[in-house]
Protein chains: 2
Amino acid sequence: MTQRLTHTEENYLKAIYKANEKTKSAVNTNTIAAYMNTSAASVTDMMKKLANKELIIYERYKGARLSPTGSKTATSVIRKHRLWETFLVQKLGFSWEEVHEIAEELEHINSDELITKLDEYLGFPKYDPHGDPIPSADGKFMLREQMILSQLNIAESGILVGVKNHETSFLSHLNKLNIALGSSILIKERSDFDKSLKVSVSEGADVVLTDMVAKNLLIRKS
Amino acid sequence: MTQRLTHTEENYLKAIYKANEKTKSAVNTNTIAAYMNTSAASVTDMMKKLANKELIIYERYKGARLSPTGSKTATSVIRKHRLWETFLVQKLGFSWEEVHEIAEELEHINSDELITKLDEYLGFPKYDPHGDPIPSADGKFMLREQMILSQLNIAESGILVGVKNHETSFLSHLNKLNIALGSSILIKERSDFDKSLKVSVSEGADVVLTDMVAKNLLIRKS
DNA sequence: ATATATTTTTAGACAAGACTAAAAATATTT
DNA sequence: AAATATTTTTAGTCTTGTCTAAAAATATAT
């Protein structure tokens with residue numbers, strides 16, 4: 001008896017889910033407000049509604065955490081988002097920095113059958129175009145061994161499997177550097193001064209990555 | 001400078017467009033209320049809002065008609081609906097009676113680029129899975145020569161190019177009779193009593209169609 | 001052409017999701 | 001531990017889209 005939720009309710013659940021991934025404990029009102037780009041007062045209002053619907057466990061002044069139902073809903077929305085992003089890139093030819101906004105709308109389309117068929121059509125992908133894991137229908141994520149590029153030593157190399165930052169500007173920056181999912185990155189030098197790296201990408205020309213960039217690249221050691 | 005509209009506003013515009021297709025003149029409040037499955041009072045409220053935004057021309061007690069902008073918006077929503085229906089059937093393998101509801105949601109996704117790419121991906125289809133014409137980006141419909149099956153005489157035949165009724169029950173009925181878009185239908189007998197037809201479908205076994213069914217089948221004479 | 005019926009609009013309310021400003025609770029300093 | 005700062009909640013409004021009941025306009029029938 002999954003109740004039908006509004007887009008806004010679904011987005012709040014997603015925000016709590018994502019905030020909780022990082023902090024682990026109950027999520028603050030202000031944190032949610034930042035995620036949702038709204039006021040703390042609005043968040044409090046919504047927390048009461050979601051608690052009433054038993055989607056979250058909420059205690060005044062203590063923050064919120066997802067109930068089992070709420071968690072299921074949140075992962076289902078994330079699943080839909082990531083499957084749609086995969087569709088947009090793999091089938092329609094969008095670039096990875098163009099798909100987030102559109103998927104933000106598509107993720108709220110309400111049809112289990114649609115998602116089942118889309119998943120099949122895409123060949124049951126396990127990762128989306130940014131390398132994020134796509135949860136299965138029952139909410140399980142396929143985990144993988146990964147580390148941050150900055151943790152590699154000189155002469156070590158890795159395959160890019162994901163990015164931590166999804167901003168258009170960051171992704172476009174990677175495009176310009178010819179860095180994409182699957183690229184092989186070999187560390188050649190590290191500056192003692194600012195930790196910037198000289199790397200070669202897929203056996204090609206050398207490029208310089210600031211530490212800020214390197215910290216946002218997830219690789220599998222190779 | 002196309003303003004961003006709510007789903008509801010878009011649905012009202014679509015309703016006015018469709019009602020106007022039939023009646024040609026300004027559309028009554030009650031007619032719109034029936035299309036939207038809401039009260040006349042709500043319609044009046046919305047008419048004021050849409051008139052304020054210059055999407056319709058509205059006169060109290062006289063009804064509404066679309067402005068050029070309103071008409072453009074309505075056709076764009078219809079274009080999106082029909083492209084998505086085509087996607088659902090051709091790519092995801094849905095049956096023609098399953099796609100309307102899902103497309104009712106998808107038609108409100110807001111991205112011109114998405115629709116351009118989807119159109120291309122589908123091979124620029126001119127008709128959707130029910131045989132309805134898909135308007136081009138500039139709002140033009142591809143018309144075709146067609147007539148209603150009931151107008152055929154004995155021994156004449158036609159190719160099914162569209163259906164006038166989109167209800168699930170009607171479409172499932174056609175499925176059972178093995179009638180689909182492209183089927184060739186040959187009239188063999190007509191009952192004087194109730195106008196029911198004995199026809200053969202694509203050179204196959206004979207089936208009986210009630211007049212109610214025959215009136216909803218659009219064919220190209222063959 | 002007057003009475004009756006129908007259609008449409010107005011008036012007043014409500015729920016959802018948001019806001020601002022002020023009050024209350026909790027955290028952090030000194 | 002008192003004073004100050006921060007966070008969170010409450011109170012009161014607003015907008016959107018809806019509703020019902022009553023009033024006004026238009027259409028139909030006698």
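Chain identifiers are assigned alphabetically (A, B, ...) following the order of the sequence lines, protein sequences preceding nucleic acid strands; residue numbering begins at 1 within each chain. We use all heavy atoms of the structure for the numbers below, so side chains are in, but hydrogens, waters and symmetry mates are not. Note that the coordinates shown come from a computational prediction; the quantities given were computed from them, not determined experimentally.
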At less than 4.0 Å, is any side-chain N or O atom of [X] found next to OP1 or OP2 of [N]? Yes or no.
X: B/Thr8; N: D/dT16; result: no
X: A/Tyr61; N: D/dT6; result: no
X: B/Asn30; N: C/dT8; result: yes
X: A/Thr38; N: C/dC19; result: yes
X: B/Thr29; N: C/dT7; result: no
X: B/Thr6; N: D/dT16; result: no
X: A/Lys62; N: C/dT26; result: no
X: B/Ser39; N: D/dC19; result: yes
X: A/Ser42; N: C/dG17; result: no
X: B/Tyr12; N: D/dT18; result: yes

Between B/Ile179 and B/Trp96, which heavy-atom pair has the shortest distance, and what is it?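 That closest heavy-atom pairing would be O-CZ2, 3.9 Å.
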
So which nucleotide from [options] ends up closest to the side chain of [X]?
X: B/Lys48; options: D/dT8, C/dA16, C/dT10; result: C/dT10
X: A/Asp45; options: D/dT20, C/dC19, C/dA16; result: C/dC19
X: B/Ala41; options: D/dC19, D/dT8, D/dG17; result: D/dC19

For B/Gly63 and for A/Glu9, find the nucleotide of DNA chain C with the closest heavy atom, then tell me which residue's nucleotide is more 5'. B/Gly63

Gap between atoms [atom1] and [atom2], on [X] and [N] respectively (whole Å):
X: A/Arg60; N: C/dA25; atom1: CZ; atom2: P; value: 7 Å
X: A/Met36; N: C/dG17; atom1: CE; atom2: P; value: 10 Å
X: B/Arg4; N: D/dT15; atom1: CZ; atom2: P; value: 20 Å
X: A/Lys49; N: C/dC14; atom1: NZ; atom2: P; value: 17 Å
X: A/Asn28; N: D/dT9; atom1: CG; atom2: C1'; value: 14 Å
X: B/Leu5; N: D/dT16; atom1: CG; atom2: C1'; value: 14 Å
X: B/Lys53; N: D/dT15; atom1: NZ; atom2: P; value: 13 Å
X: A/Met47; N: C/dG17; atom1: CE; atom2: C1'; value: 12 Å

Does one side chain, of A/His81 or A/Asp128, offer a donor that lies under 3.5 Å from an acceptor on the other? no

Can B/Ser111 and B/Glu113 be counted as having a side-chain donor-acceptor contact under 3.5 angstrom?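 No, B/Glu113 and B/Ser111 have no side-chain donor paired with an acceptor closer than 3.5 Å.
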
Relative to the ring of A/His7, is the ring of A/His108 parallel (under 30°), tilted (30 to 60°) or perpendicular (over 60°)?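 The rings of A/His108 and A/His7 lie parallel, inter-plane angle below 30°.
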
Any residue meeting salt bridge (charged side-chain N to carboxylate O under 4.0 Å, His left out) with A/Lys49, in chain and number order, not counting sequence neighbours: none

Donor-acceptor under 3.5 Å (B/Asn28 side chain, B/Asn30 main chain):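 Not confirmed, B/Asn28 side chain does not pair with B/Asn30 backbone.
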
